[in-house]
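Sharing a structure, written as structure tokens. Questions coming.
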Amino acid sequence: MVKVRFAPSPTGYLHIGGARTALVNYLYAQKTGGKFVLRIEDTDENRSTKDMTAAILEGLEWLKIQWDEGPFFQSERKELHQECALKLLERGFAYRCFCSKEEIEERKKRLENPAEWKYDKNCRAISKEESDKRAATEKFVIRCKIPEGKIEWNDFVKGKISFNSSEIEDFVVLRSDGSPTYNLSVVADDYSLGITHILRGEDHISNTPKQLAIYKGLGIEPPLFGHLPLILGKDRKKLSKRHGTTSVIAFKKEGILSLALFNFLASLGTNIDEEKCLSREEIARRFEIEKIKKSSSVFDYDKLLFLNGKLISEMDLNELKEELKNFWEFQEFPDDKALAVTRTRSRTLIELSKNLIPFIKEDFEYDESSLSKIDKEKTSKYFGQFIFHLEKISEWIQDKIEQELRGFAEEKGLKAKDLIHPSRLFLVGKGESPSIFDLFYAMGKEKSLRRLKRGLNFIKSGGKDV
RNA sequence: GGCCCGUUCGUUCAGCGGUUAGGACGCCGGCCUCUCACGCCGGUAACACGGGUUCGAGUCCCGUACGGGCUACCA
């Protein structure tokens, strides 16, 4: 059975790149009926925090990327990792290295090009007896012995990838303080958890030969590897957790819907529909790991907004209401009619809620430029009568309102616009809104007339609210 | 610098030896119209370059250029 994992290190919020990796793993597990494991790689004492762990879980939960097992914490599995290091040592695939950091630094500096430094295998030659003896009194690290030849694997995203062993140094698997190093922990955990496929960012490609060496040293079968192209920012640089604006939770706060982000992430590098939002189930059904692109893609916020806007206009109304609640700060909640006329012109929940405010809040301000555009003279002269006409309407629906408005305009020799524009400004405080008749209808007779009267007073008093 | 990976419109996804190189976002224009959106219609725009292989190459191979990743007793 397929078993995959997402193994973030809690040194920052869940960002877009991590979420994408998690998503691909999740989708692959869903598609194959396998299991998806969550493991927190919190072995970096200094940088890992509980808060960040919680933040990552929050991000995953919000996106509804559900894991089947875990979260496991790498920091709680140190003994296992150490056992593996010892086993490597016993089997002769690792050795103690007594070189101090200073000594290494010294030798490195002597190189014509220190950047090309790789551990010089100085301690590989030390005999077992001597090593055991020195171990009692000296500090040491354990290094993995990289075998001669080539290390290669058939990456199921990238195809065949090959490294020359000479390019890989005998890296540290166990530090001088006895703590395991990343590559060792990963292998030990992936193996003990029974991970069958490792799907991770391509920034891990260079770790793979090292991990393969450990698998070999341990005498165990390695899983299959697939390296996903990275998601790049507009500058075509790796999108990283250092870019605060890429945090998943930040998108939530910006009024992006979880399903929209889910769709957007799923569409990157895959042939999954990007014209409209699909359900999570449908995405999993369509997901094909073999079709993931080899090249990286740029994060396009406009596309996300498009998807989000589309979802807002088309999703189930009750669900939309639930989502909106997180962004709504007034006691009274807008009704279905108000939602119906504003949703198609809102790309985020924040926009939606802004568009809805005039339906609830009475004392909004009038937009300066829209205010300057209306004819104050005509408005003062005719609006009182216009309001009077509206008041007479018994059945408050679009057709009747329109009939009345146009009729009144004609009667007074006005253009419909002369009534529509001020009405719009008085109803929502700005120059843009749904169709005026829809707006009147959605707002209801009572509220509409109250706003109209307030507006008229405002104009008559020369710009003072009364 | 070294090693690894990549390269189709500005962005994104198709195309998997023979296509007028297609869709979407964005942008531009039009329709609708009371505004802004939505929607609909139309337009703009790409196979990085050079060699091969082949009757024929965006599709296969090799270089070059460019881009990215990694290069810790971090994960």
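Naming: A, B, ... by sequence-line order, numbering from 1 per chain. For clarity, every value in this text was computed on a predicted model and none was experimentally measured.
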Could you state the CZ-C1' distance from A/R286 to B/C13, rounded to the nearest angstrom?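 For the pair A/R286 CZ and B/C13 C1', the rounded distance is 13 Å.
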Among B/G26, B/G1, B/U35, which nucleotide has an atom closest to any side-chain atom of A/H421?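 Selected nucleotide: B/U35.
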Have a look at A/H227 and say if it touches a base, only the backbone sugar-phosphate, or nothing, with a 4.0 Å heavy-atom cut-off.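 No contact at all - A/H227 keeps every heavy atom at 4.0 Å or more from the nucleic acid.
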Between A/F299 and A/F251, what is the ring plane arrangement, given parallel below 30°, perpendicular above 60°, and tilted in between?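 A/F299 vs A/F251 ring planes: tilted.
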Using a heavy-atom cut-off of 4.0 Å across all strands, would you classify A/E169 as base, sugar-phosphate, or nothing?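 Answer is nothing: A/E169 stays at 4.0 Å or more from every strand.
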At under 4.0 Å between heavy atoms, what does A/I205 touch on the DNA or RNA strands: base, sugar-phosphate, or nothing?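 Sugar-phosphate, backbone atoms only, no base.
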When you compare B/C28 with B/C9, how far apart are their C1' atoms, in angstrom units rounded to a whole number?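 B/C28 and B/C9 have their C1' atoms separated by 15 Å.
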Would you classify A/E202 as touching base, sugar-phosphate or nothing, given that sugar-phosphate means primed atoms plus P, OP1 and OP2, and contacts are heavy atoms under 4.0 Å?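 It contacts sugar-phosphate atoms only.
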Distance between the P atoms of B/C47 and B/C34, in whole angstroms?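 The answer is 44 Å between these two P atoms.
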Under a 3.5 Å cut-off for both contacts, is B/G22 paired Watson-Crick or G-U wobble with anything, and if yes, with which nucleotide?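 Across all strands, the one nucleotide that pairs with B/G22 is B/C13.
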Nucleotide B/G10, atom P - distance to NZ of A/K303 in whole Å: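 A/K303 atom NZ is separated from B/G10 atom P by 15 Å.
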Spacing of the P atoms in B/G69 and B/G50 (rounded, Å):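 Their P atoms lie roughly 28 Å apart.
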Would A/K210 count as a cation-pi partner of A/F171, with NZ or CZ less than 6.0 Å from the six-membered ring centre and within 45° of the ring normal?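 Yes - A/K210 lies over the ring of A/F171, closer than 6.0 Å to its centre and within 45° of its axis.
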Interatomic distance, A/K150 NZ vs B/C3 P [rounded to whole Å]: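 In whole Å, B/C3 P and A/K150 NZ are 12 Å from each other.
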Residue A/R143, side-chain heavy atoms: nucleotide from B/U12, B/C4, B/C73 that is nearest: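 Selected nucleotide (nearest to the side chain): B/C73.
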Measuring only the P atom in each nucleotide, how far is B/A24 from B/G39? A whole number of Å is fine.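 Looking at atom P only, B/A24 and B/G39 are 12 Å apart.
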Interatomic distance at P, B/U44 relative to B/G10, whole Å: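 Result for the P pair: 14 Å, nearest Å.
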At 4.0 Å (heavy atoms only), tell me whether A/S185 reaches a base, stays on the sugar-phosphate, or touches nothing.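 Nothing, no nucleic acid heavy atom in range.
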Quick one: label A/L268 by what it contacts on the DNA or RNA (base, sugar-phosphate, nothing), any heavy atom closer than 4.0 Å.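 Counting heavy atoms under 4.0 Å across all strands, the contact made by A/L268 is with sugar-phosphate only.
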Using a strict threshold of under 4.0 Å (side-chain N to carboxylate O), is an ion pair present between A/R39 and A/D190?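 Result for this pair is yes, salt bridge flagged.
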Strictly by Watson-Crick or wobble contacts shorter than 3.5 Å, is anything paired with B/G1, and which nucleotide is it?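 Result: B/U71.
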Rounded to the nearest angstrom, tell me the gap between atom CD in A/E274 and atom C1' in B/C13.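 After rounding, the gap between these two atoms is 4 Å.
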Base, sugar-phosphate, or nothing for A/R424, non-hydrogen atoms under 4.0 angstrom?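 Base: the residue A/R424, judged by heavy atoms under 4.0 Å, touches a nucleobase.
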Over all strands shown, is A/K139 touching base, sugar-phosphate only, or nothing at heavy-atom distances under 4.0 angstrom?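 Touches nothing.
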With sugar-phosphate meaning primed atoms plus P, OP1 and OP2, does A/N207 contact a base, only sugar-phosphate, or nothing at under 4.0 Å between heavy atoms?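 Result for A/N207 = base.
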What do you reckon, are the aromatic ring centroids of A/F383 and A/F426 less than 6.0 Å apart?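 When the ring centroids of A/F383 and A/F426 are compared, they turn out to be within the sub-6.0 Å range.
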Parallel, tilted or perpendicular: ring planes of A/H227 versus A/F225, cut at 30 and 60 degrees: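 Plane angle under 30°, so parallel.
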Considering only B/G6, B/C3, B/C13, which nucleotide approaches the side chain of A/K294 most closely?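 Nearest listed nucleotide: B/G6.
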Scan A/S267 against the nucleic acid and name what it touches under 4.0 Å (heavy atoms): base, sugar-phosphate only, or nothing.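 It contacts sugar-phosphate atoms only.
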Could you tell me whether A/E83 and A/K87 make a salt bridge, using a distance below 4.0 angstrom between a side-chain N and a carboxylate O?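 Salt bridge flag = no for A/K87 with A/E83.
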Whole-angstrom distance between B/G67 and B/C49, as gauged at atom C1':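 The same atom, C1', in both gives a distance of 15 Å.
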Searching all strands shown, indicate the nucleotide that pairs with B/A46 (Watson-Crick or G-U wobble; both distances under 3.5 Å).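 With both distances under 3.5 Å required, B/A46 matches none.
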Find the partner of B/G6: check Watson-Crick (N1-N3 plus N6-O4 or O6-N4) and G-U wobble (N1-O2, O6-N3) distances, both under 3.5 Å, and reply none if neither fits.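 Paired with B/G6, as far as the under-3.5 Å criterion goes, is B/C66.
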If we call it a pair only when both distances are under 3.5 Å in a Watson-Crick or G-U wobble match, what pairs with B/U54?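 Base partner found: none.
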Any base atoms under 4.0 Å from A/P434, or only sugar-phosphate, or nothing? Heavy atoms, all strands.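 Base contact - A/P434 has a heavy atom under 4.0 Å of at least one base atom.
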For A/S297, report the nucleic acid contact type (base, sugar-phosphate, nothing); a contact means any heavy atom under 4.0 Å.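 Since only primed, P, OP1 and OP2 atoms lie under 4.0 Å of A/S297, the category is sugar-phosphate.
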Round to the nearest Å and state the distance from A/L419 atom CG to B/U35 atom P.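 In whole Å, B/U35 P and A/L419 CG are 15 Å from each other.
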What integer number of Å spans the C1' atoms of B/C25 and B/G2?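 Each nucleotide's C1' atom is 39 Å from the other's.
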B/U35 P sits how many Å from A/L405 CG, rounded?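 Result: 14 Å.
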For A/A416, report the nucleic acid contact type (base, sugar-phosphate, nothing); a contact means any heavy atom under 4.0 Å.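 Result for A/A416 = nothing.
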Integer angstrom distance from the C1' of B/C32 to that of B/C38: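 Nearest-Å result for B/C32 against B/C38 at atom C1': 11 Å.
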What is the distance, to the nearest angstrom, from the CG atom on A/L232 to the C1' atom on B/U7?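 After rounding, the gap between these two atoms is 12 Å.
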Any donor-acceptor pair under 3.5 Å linking the side chain of A/D42 with the backbone of A/S75?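 Yes, the answer is positive, given that a donor and an acceptor are paired below the 3.5 Å cut-off.
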A/K293 has a side chain; which of B/C34, B/A14, B/C25 sits nearest to it?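 Among the listed nucleotides, the one closest to the side chain of A/K293 is B/A14.
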Pairing check on B/U33: which nucleotide meets the Watson-Crick or G-U wobble criteria with it, both distances under 3.5 Å?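 Across all strands, not a single nucleotide pairs with B/U33.
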Taking any heavy-atom pair under 4.0 Å as a contact, classify A/S313: base, sugar-phosphate, or nothing.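 Here A/S313 touches no strand at all.
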Side chain of A/E167 - closest among B/G2, B/A24, B/C5: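 Comparing B/G2, B/A24, B/C5 against the side chain of A/E167, the answer is B/G2.
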Name the closest nucleotide to the A/F306 side chain, picking from B/A75, B/C38, B/A24.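 Looking only at heavy atoms from C-beta outward on A/F306, the closest nucleotide is B/A24.
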